[in-house]
Amino acid sequence: MIQPSSARPGPDSLLHLQFPSDPQVSPDGQRVAFVLTRTEEEDPRKPDPAFARPRYKGQVWLADENGTRPLTHGPGRDGSPRWSPDGQTLALTRKAGEGGAQLYLLPLSGGEARQVTHLRGGVQDVSWSPDGAHIAFLSTADDEDKRDERGEARVITRPRYRFNGRDWLPERAARLFLLTVASGELREWYAPEVEVSTCAWLPDSSGVLLVGSASHLHAAQWQQEVWHLPLGGEARQVTRWNSAIQAVVPHPDGARFVVVGRPEGQGNTEHAHLYLLPLDGKGDPQRLDPGHDSPVGNLVGGDCHVGALPERPVWLDERTLLFSSTVRGSCGLFRAAQDSAGQWQVAAHDHDPQAVIAAFTARGGGVALIRERADRFPEVELNGVTVTDLHARLPFPGRTPQRVGFATELGEGEGWVLLPGGEDPAKVPALLSIHGGPHTDYGHAFTHEFQLLAARGYGVCYSNPRGSVGYGQAWVDAIHGRWGSVDADDLLSFFDRCLATFPVLDDTRTAVMGGSYGGYMTNWLTGHTTRFQAAITDRSICNLLSFGGTSDIGLRFWDDELGLNFHRRADALRLWDMSPLQWAEDVRTPTLIVHSVLDHRCPIEQAEQWYAALTLHGVPARFVRFPSEDHELSRSGRPDRRLTRLTEYLAWLEQWLAPEKVSASPEAVSR
């Protein structure tokens with residue numbers, strides 16, 4: 001395997017890192033089980049020196065009063081640790097070789113993990129019943145789809161048939177299975193017509209609450225509902241929500257539950273909030289976070305999140321709900337508590353404005369979480385004590401970004417600059433990086449890519465233009481119906497402030513880069529200004545019309561974002577006006593195009609159109625296509641492909657931002 005070098009850090013520095021995920025606090029609140037994912041050769045016994053094959057391997061670890069140590073030592077990927085209610089057994093999943101991950105039970109008193117499922121489709125969303133008698137999980141069981149291998153036709157009759165990260169959706173939705181722990185009996189409990197996204201046990205173990213859609217068309221429109229499934233009865237729809245639901249959390253009294261989701265009937269641009277509803281379906285929802293103008297959950301982008309990151313709210317008692325929320329580039333824990341007058345108020349529980357809590361669980365008076373900072377790698381904490389030392393594995397020093405504000409009609413926006421270290425007074429190239437979403441956030445998460453670019457001598461400028469989350473609903477709404485307008489103004493205003501504030505940044509050697517919506521904005525800006533000497537557009541969008549009919553979210557996305565749709569004649573010209581492809585003839589910026597073949601969120605046809613257009617107009621372009629990867633390549637793709645992606649980034653920047661490649665004073669031509 002390639003060995004990382006600390007002399008001049010390269011993409012292979014990624015191989016040094018171990019990624020923490022899925023911190024699960026024990027029932028007594030005094031222990032935490034979590035997953036560490038490392039990178040190793042696929043077959044260490046037969047490594048080919050000329051062809052490294054780094055792959056992810058996962059172990060379950062335990063931290064308690066005796067220290068931090070591995071619990072499993074399997075050759076594959078172990079994950080999803082789940083405590084039994086008595087704290088004596090850990091359920092976990094193990095994936096080794098081909099096929100899905102299987103369910104195992106590990107006695108914590110000693111002994112080997114015992115495999116309890118042998119399902120070809122594997123298991124997911126594992127949860128113990130509160131009384132410890134049952135374990136529920138979702139699985140496609142032994143279903144197989146061999147049509148592609150056999151060369152058979154695939155007949156499509158549903159509006160959503162492919163999905164990012166999964167490729168073809170199965171003909172039958174995953175079923176809910178029930179394992180009786182004492183006897184080992186396993187049975188299919190519930191077979192939904194449309195996929196279930198998550199489930200949660202009621203506190204008395206009498207059944208579960210499920211989140212799913214009423215029909216395939218509702219699913220394609222991101223309209224979900226909550227269903228009640230008793231142990232010995234039929235599933236009953238409880239809500240008429242008609243909007244996206246991220247999680248469902250039963251109240252301790254068993255008669256109510258909390259929905260984490262966008263407001264009833266609202267779309268993608270709305271913040272997710274907390275709503276309390278009665279289980280009998282009678283009565284209106286009550287919002288538990290009134291006045292909290294930030295979304296529930298962590299939306300701060302980072303590239304060191306490999307594995308599950310739980311953030312489902314937790315009841316601390318019958319009047320207090322603990323949840324995470326994104327606020328101005330940070331994510332912390334907050335409490336929604338009911339006062340003596342019956343009113344719900346929100347207060348900070350554990351919120352560092354310079355940090356991100358990427359995952360948490362709470363139980364038995366204890367809290368386990370993963371915390372990171374822009375200059376500090378993610379670490380696992382138990383009750384305020386850090387139980388890992390993963391930052392020490394960094395092969396180069398973590399640099400601290402500096403904040404830069406910029407003015408808008410809605411108030412001050414913010415961003416950051418990550419500068420190279422050292423005493424060299426020479427000017428450095430300046431990179432403008434644009435986040436995806438658009439309703440996500442840059443901020444205080446550790447980003448290996450940014451740190452690597454800074455270590456290689458680049459100044460990285462990144463910000464939260466209007467449309468980003470964490471700055472209030474009005475900030476998000478500011479780009480509704482007008483992508484490429486005030487968001488573009490904010491990005492360029494911020495970049496100009498960076499160049500003016502930090503004289504070390506060379507305004508004659510600049511590049512613009514971004515992924516997903518950030519790729520869209522990269523394409524848009526290079527079609528409207530020649531100020532950048534290089535561009536990197538990753539998993540991008542260039543044609544809003546074709547996106548609508550090819551993306552796994554295309555049936556609804558433009559309605560939410562722009563109030564338009566690709567299939568309406570009256571909207572087509574407006575969508576075309578906002579498509580970078582219309583402006584391709586004005587692009588002069590050498591562009592690296594990076595895309596993944598199985599990206600169904602921003603389909604690869606977008607990259608193909610952009611490459612063809614730039615090539616026809618004589619713009620230097622390089623198109624890098626990754627097989628078997630999806631929209632998440634940069635964050636959790638196969639390690640060797642992540643290395644290739646970063647290698648391509650560095651080579652392109654070094655090619656076009658070298659001093660001899662740029663003119664002394666490029667003219668910015670903006671329409």
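Values in this document were obtained by computation on a predicted structure and should not be read as measured data. These numbers come from the heavy atoms of this one structure, side chains and all, not from hydrogens, waters or symmetry mates.
- Remark: Arg319 engages no residue in a salt bridge (charged side-chain N to carboxylate O under 4.0 Å, His left out) (not counting sequence neighbours).
- Residues Ser330 and His351 are in side-chain contact: their nearest non-hydrogen atoms beyond the backbone lie under 4.5 Å apart.
- Between Arg497 and Glu412, no side-chain nitrogen of the basic residue sits less than 4.0 Å from a carboxylate oxygen of the acidic one, so the salt-bridge criterion is not met.
- By the salt bridge (charged side-chain N to carboxylate O under 4.0 Å, His left out) test, Arg160 is found to be paired with no residue, residues two or more places apart in sequence or in another chain being considered.
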Set out, in order, the CA-CA distance, both residues' side-chain angles and the distance that settles side-chain contact (heavy atoms from CB on, under 4.5 Å) for Asn298 and Ile357, then state yes or no.
CA-CA 7 Å; Asn298 175 36; Ile357 294 177; over 6 Å; no
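- For the pair His218/Asn242, a side-chain contact is recorded, criterion being any heavy-atom separation below 4.5 Å from C-beta on.
- Not counting sequence neighbours, the partners of Asp350 by the salt bridge (charged side-chain N to carboxylate O under 4.0 Å, His left out) test are Arg371.
- Inter-residue side-chain proximity for Val314 and Phe360 is flagged as met; some heavy-atom pair is nearer than 4.5 Å.
- Between atom CD of residue Glu561 and atom CG of residue Leu544 there is a gap of 10.0 Å, rounded to the nearest 0.5 Å.
- Donor-acceptor pairing under 3.5 Å is lacking for the side chains of Gln266 and Ser243.
- Residues passing the salt bridge (charged side-chain N to carboxylate O under 4.0 Å, His left out) test with Asp487: none are found, sequence neighbours excluded.
- Taken to the nearest 0.5 Å, the CH2 atom of Trp524 stands 13.0 Å off from the CD1 atom of Ile541.
- Under the side-chain hydrogen bond (donor to acceptor under 3.5 Å, both in side chains) criterion, Gln24 pairs with Asp22, sequence neighbours left out.
- For the atom pair CZ (Phe34) and CD1 (Ile370), the distance works out to 8.5 Å, reported to the nearest 0.5 Å.
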Residues His228, Leu279; criterion side-chain contact (heavy atoms from CB on, under 4.5 Å); working and verdict:
CA-CA 8 Å; His228 174 212; Leu279 185 57; 4.3 Å; yes
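- Under the side-chain hydrogen bond (donor to acceptor under 3.5 Å, both in side chains) criterion, Glu632 pairs with Arg635, sequence neighbours left out.
- Side-chain N/O atoms of Ser433 and Tyr442 include a donor and acceptor closer than 3.5 Å.
- Atoms NE2 and OG, on His305 and Ser21 in that order, are 10.5 Å from each other to the nearest 0.5 Å.
- With respect to Tyr462, the ring-ring contact (aromatic ring centres under 6.0 Å, His included) criterion is satisfied by exactly one of Phe450, Phe494, Phe495: Phe450.
- With rounding to the nearest 0.5 angstrom, the OG1 atom of Thr361 is 12.0 Å from the CD atom of Glu311.
- Side-chain contact annotation: Asn464 with Asp441, donor-acceptor N/O pair under 3.5 Å present.
- Using modelled atom types and a 3.5 Å distance limit, the side chains of Asp64 and Gln30 yield no donor-acceptor pair.
- Here His292 contributes atom NE2 and Trp344 contributes atom CH2; the two are 14.5 Å apart, rounded to the nearest 0.5 Å.
- Judged by the 6.0 Å and 45° rule, Arg601 forms a cation-pi pair with Phe163.
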